[in-house]
Amino acid sequence: MSPASAKTQDSDIRAVDGWMIHEFAEVTSTNSLAAHLPPWTAVRALVQTAGRGRTGRRWVSDENGLWLSAVLPTPGTSATWSLLPLAAGWAALNVVRDLGLPDARLRWPNDILVGRRKLAGILVDRFSAEAAVVGFGLNVANHPEITDRALAGAVTCLADLLPEVPPISELVVRLLSALTREHQRLESGDASGLCSELNGAWRHRQVQVTLAGDHGAIEGRLDGVDPAGALLVRDAVGDVRVLPAPNVELLREIFPSPDVIL
Ligand code: BTN
C-alpha cells in the first residue's frame, strides 16, 4: 500500500462522546491517515503495516492490539500545547490504571510500563499548527515479540496482566474520553495542574538522558518537568539541568544493581 493508505472496504464510522471514529481492517499507519482528517476525528485499525514509533522507530502493530489516532485542535499560540504528549500519556496511564493495574507507570515522555516492560506507547504528530494527531499503541492481547524477537522480555500486554480485558472498542472510547478531559485542561491553560500530577507519578527515578545533536549524555535524578514541558534532571553535584523536550534524544532509566548476596 502507498503511504497512509487503507483497505477502505472494511471501514466503518461511529460517533461516540463527541468523536467520529473511523475503523479500518488494515492501514499503513493510523497517524498518517489521520493527518488529513479534521479535529475530533479518530482512526482505528485492526492492523498497521507500517506503524510508526517515536524517534523514527517502527512500531509492531499486530492483530489484537489497539492502534488508534485522535485528531485534536490546538488553536492559538498557547505554549501549553507543547505539553500535549505528556497530557496524552497521563490520560492513557489513568485508563490503564483504572482497568486494575494501579502499578502501571509512565516513562518520560509518555511510555506506559508495567515493571520494566512496555505496555503502550504514544506518538504525537504536528502536521499543522492548528491540530495534533495523538497516536496510541496499546498491547491488548497481541504479542509483538513474535514479530520482532528483539522485543522479547521488553513488552507486555493487558491479557497477560489482567484476568479479564474489556473489548478493544470499549478501550478506544475510554482512551478518547480521557484524552478529551486532558485536552480541556490544557485548553483552560492549567499546565501546572497537569505537571504536579505527572511529577508526583515519576520523579526521583535515576535516569540517563542522551542529548540530541551529539551533545553527550547527562546522568542524574529525574525531578520531573516544568510547566513548559522541559525535563528537570538533578545531576551528581546537585545542579538541576533544564532540558527542553526537543533537546532530548533518549531517556533511559537506571535501575539499581541487584543486591549481592555474600
Ligand atoms: C512509541 O512508543 O515509540 C510510540 C508508539 C506509537 C504507536 C501508535 S499505534 C497508533 C499510531 N499510529 C502509528 O503509526 N503510531 C501510533
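Only this structure's heavy atoms are used, side chains among them; waters, hydrogens and symmetry mates stay out. Indexing begins at 1, ligand by ligand and atom by atom, following the structure's order. What you are looking at is a predicted structure, and each value in this text was computed from that prediction instead of being measured.
At a threshold of 4.0 Å, the pair Arg221-Asp223 counts as salt-bridged, since one of the basic side-chain nitrogens sits closer than that to a carboxylate oxygen.
In terms of polar-atom proximity, defined here as any N/O pair under 3.5 Å, Ser29 does make such a contact with ligand 1.
Each of the following atoms of ligand 1 lies closer than 4.0 Å to a heavy atom of Leu68: 10 (C). Of all atoms in ligand 1, numbered sequentially from 1 with element shown, those under 4.0 Å from a heavy atom of Asp111 are 2 (O). Heavy-atom proximity to Thr30, at under 4.0 Å, picks out these atoms of ligand 1: 10 (C), 11 (C), 12 (N). Less than 4.0 angstrom separates some heavy atom of Gly51 from each of these atoms of ligand 1: 14 (O).
The shortest contact between atom 2 (O) of ligand 1 and any protein heavy atom is with Lys118 NZ, 2.6 Å. Summary of contacts: the protein heavy atom closest to atom 5 (C) of ligand 1 is Trp59 CE3, 3.3 Å. With hydrogens left out, the protein atom closest to atom 16 (C) of ligand 1 is Arg52 O, 3.8 Å, a heavy atom.
Using modelled atom types and a 3.5 Å distance limit, the side chains of Thr30 and Gln48 yield a donor-acceptor pair. One side chain, Ser177 or Asp17, offers a donor N or O that lies under 3.5 Å from an acceptor on the other.
Not a single heavy atom of Ser61 sits less than 4.0 Å from an atom of ligand 1.
In terms of the salt bridge (charged side-chain N to carboxylate O under 4.0 Å, His left out) criterion, Glu145 has no residue partners (sequence neighbours excluded).
Nearest-residue assignment for atom 13 (C) of ligand 1 (options Arg54, Gln48, Arg57; heavy-atom criterion): Gln48.
The shortest side-chain heavy-atom distance between Arg205 and Trp108 does not fall under the 4.5 Å cut-off.
When non-hydrogen atoms are compared, ligand 1 lies under 4.0 Å from neither the backbone nor the side chain of Thr55.
Using modelled atom types, no side-chain atom of Trp19 and backbone atom of Arg14 make a donor-acceptor pair closer than 3.5 Å.
Around atom CD of Glu63, no more than 12 heavy atoms belonging to other residues, nucleotides or ligands sit under 6.0 Å away.
Residue pairs meeting the salt bridge (Lys or Arg N to Asp or Glu O under 4.0 Å) criterion with at least one partner in residues 107-118, sequence neighbours excluded, are Arg107-Asp111, Asp111-Lys118.
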